[in-house]
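These notes concern the structure reproduced below.
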Amino acid sequence: MQVLEAYKPFEIQEIELTDWKQRPVKNNFFELVMIKDGEGTQCINYNHYTYGKNSMFLLPPLKCHSFNIEKPTRFVFLKFTDSFFKKANSINIDRNEWFKEASYILSNYNQLPGDIIKNEVDRNYLENLVNMILQESRNYSAESVNLVTSLMTSILEILIRNIKKSSYFELPKNNMDDRITKMLTYINENIDKTELLKVENLADVFKMSPTYVSEYFKKQVGMSLREYIIKGKLKLVEIRLLNSDFRLNEIADELGFTDVSHLSKTFKRYTGSTIREFKNNGEYMLLKRNVCAS
């Protein structure tokens with residue numbers, strides 16, 4: 001067994017297992033898991049997916065998961081954290097933009113697709129990038145920080161590209177209109193841009209009548225456009241509350257709430273808890289929402 005851990009808040013771990021034991025690691029943002037060798041299945045939220053060499057999975061925070069190992073398996077766990085990029089001041093990375101992109105993954109990746117990579121070229125890219133990070137971790141030096149940061153940024157971009165190319169939204173099975181998938185993707189990509197989410201703009205983008213947009217959306221998704229947008233914003237609020245040091249006024253301003261009071265009232269109305277209660281007990285609350293067999 002070999003365990004490699006680089007400097008916190010960035011971590012990478014390579015380990016070979018013959019049976020799965022829950023790792024005593026708080027996954028406070030999300031992890032990419034690469035299978036270097038072995039066979040078995042991943043269980044997440046009662047869904048099972050087979051894995052083999054070079055399979056890749058995402059493990060967002062606070063999700064129950066396990067691996068049923070059929071043949072000895074060498075895992076690589078690559079943990080992403082907000083603070084890693086916040087401290088990488090020596091190279092040009094916009095921490096706020098990175099956080100928005102990472103939050104997009106957490107908000108839209110719904111745990112159903114199994115292996116996250118569908119494109120074999122991207123799979124090869126990721127394998128090479130992860131191996132380079134492993135090498136840097138073994139020979140860690142101060143000069144490694146910039147290189148590893150750049151490599152992790154490249155990995156993030158590849159993950160986002162694969163998520164955006166796939167349909168990760170749970171839609172009615174008899175729905176044959178792909179406009180709603182495109183509309184959902186557009187909304188989630190622009191969830192922090194209030195002007196772009198107005199009915200008039202959506203109607204223009206998707207060549208629909210403004211009076212028909214809301215009716216069409218509710219028919220396809222099963223909830224109103226307004227409710228969907230608010231819930232999407234509140235997902236990002238929860239992510240920022242648990243995984244960053246953004247102030248409430250910064251969060252409210254970024255996501256288009258009038259002020260902190262407006263954000264707090266909306267949060268209470270839709271989640272049933274105050275922001276203070278969520279900050280104190282958010283991990284427990286999210287775990288209750290995402291109970292699964294492990």
Side-chain angles (χ1 to χ4, degrees), residues 26-30 45 58-64 80-82 95-112 160 163-164 167-171 180-181 183-199 201-202 213-214 217-218 220-292:
K26 179 190 175 186
N27 187 6
N28 64 347
F29 213 75
F30 64 88
N45 289 357
L58 278 182
L59 302 181
L62 308 174
K63 296 283 187 177
C64 300
F80 291 79
T81 70
D82 170 50
R95 177 232 178 179
N96 289 337
E97 285 303 313
W98 181 88
F99 195 91
K100 288 178 184 178
E101 292 282 56
S103 296
Y104 176 92
I105 289 178
L106 296 182
S107 296
N108 296 294
Y109 180 64
N110 66 12
Q111 295 302 317
L112 296 179
I160 292 171
I163 287 175
K164 288 182 177 180
S167 175
Y168 286 82
F169 305 100
E170 296 181 62
L171 301 174
I180 190 61
T181 297
M183 187 179 289
L184 289 169
T185 300
Y186 182 87
I187 291 170
N188 285 295
E189 288 180 349
N190 296 288
I191 199 70
D192 60 331
K193 300 178 178 66
T194 302
E195 289 299 315
L196 297 184
L197 301 183
K198 290 184 175 180
V199 169
N201 182 65
L202 293 174
V213 170
S214 296
F217 189 92
K218 186 168 185 178
Q220 297 294 324
V221 179
M223 73 173 70
S224 71
L225 175 62
R226 180 176 180 275
E227 181 181 357
Y228 184 87
I229 290 172
I230 290 174
K231 287 183 175 180
K233 289 184 176 185
L234 292 179
K235 284 183 185 178
L236 296 185
V237 171
E238 291 179 342
I239 290 168
R240 281 153 175 72
L241 290 175
L242 292 182
N243 299 294
S244 79
D245 56 5
F246 283 88
R247 295 186 179 90
L248 284 180
N249 64 313
E250 292 176 320
I251 296 173
D253 183 62
E254 176 196 358
L255 296 177
F257 293 93
T258 306
D259 50 30
V260 172
S261 176
H262 180 211
L263 168 60
S264 299
K265 290 177 181 178
T266 304
F267 191 91
K268 171 71 173 177
R269 184 184 314 129
Y270 280 87
T271 69
S273 66
T274 66
I275 287 178
R276 180 186 293 273
E277 289 170 341
F278 184 82
K279 290 186 74 172
N280 292 336
N281 303 290
E283 294 180 10
Y284 173 72
M285 293 177 182
L286 291 181
L287 280 170
K288 284 185 69 177
R289 290 185 204 168
N290 299 293
V291 175
C292 73

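Note that the structure is predicted; figures quoted are calculated from it, not measured.
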Using every non-hydrogen atom in the two residues, find where Thr266 and Leu234 come nearest and quote the distance to one decimal. O-CD1, 4.1 Å
Look only at the side chain of Glu254 and the backbone of Ile251, and say whether a donor-acceptor pair between them is shorter than 3.5 Å. no
Output the distance between atom CG (Leu255) and atom CD1 (Ile229), rounded to the nearest 0.5 Å. 12.0 Å
Holding to side chain to side chain contact (heavy atoms under 4.5 Å, CB included), I want the full list of residues that pass it with Asp253, two or more places apart in sequence or in another chain. none
Does any N or O in the side chain of Asn190 come within less than 3.5 Å of the main-chain N or O of Tyr186, such that one atom is a donor and the other an acceptor? yes
Rounded to the nearest 0.5 Å, what's the gap from NZ on Lys265 to OG1 on Thr258? Could you check? 10.0 Å
Determine whether Leu263 and Asp259 satisfy the following criterion, side-chain contact (heavy atoms from CB on, under 4.5 Å), listing intermediate values before the conclusion. CA-CA 6 Å; Leu263 168 60; Asp259 50 30; over 6 Å; no
Looking only at heavy atoms, what is the nearest atom pair of Lys198 and Glu195, with distance? NZ-OE2, 3.2 Å
Any side-chain heavy-atom pair of Ser273 and Phe267 under 4.5 Å: yes
Do Thr194 and Lys233 have side chains that approach each other closer than 4.5 Å (heavy atoms only, starting at C-beta)? yes
Within residues 221-232 or reaching into it, pairs that qualify as salt bridge (Lys or Arg N to Asp or Glu O under 4.0 Å) - sequence neighbours excluded: Glu227-Lys231
Given side chains that start at C-beta, do those of Phe278 and Thr271 come closer than 4.5 Å, heavy atoms only? no
Check whether any side-chain heavy atom of Ile187 lies under 4.5 Å from a side-chain heavy atom of Phe217, and answer yes or no. yes
I want to check something: taking the side chain as every heavy atom from C-beta on, are Tyr228 and Leu197 in contact at a cut-off of under 4.5 Å? no
Within this structure, what is the CZ-CD1 distance for the pair Arg269 and Ile230, rounded to the nearest 0.5 Å? 7.0 Å
Would you say Glu277's side chain and Thr274's backbone share a donor-acceptor pair under 3.5 angstrom? yes
Could you go through Leu202 and Leu225, starting from their C-alpha distance and side-chain angles, then the distance that decides it, and tell me whether this counts as side-chain contact (heavy atoms from CB on, under 4.5 Å)? CA-CA 11 Å; Leu202 293 174; Leu225 175 62; 3.7 Å; yes
With a 3.5 Å distance limit and no angle check, can you tell me whether Lys218 reaches the backbone of Met223 through a side-chain donor-acceptor pair? no
So Val260 and Ile275, do their side chains get closer than 4.5 Å, heavy atoms only? no
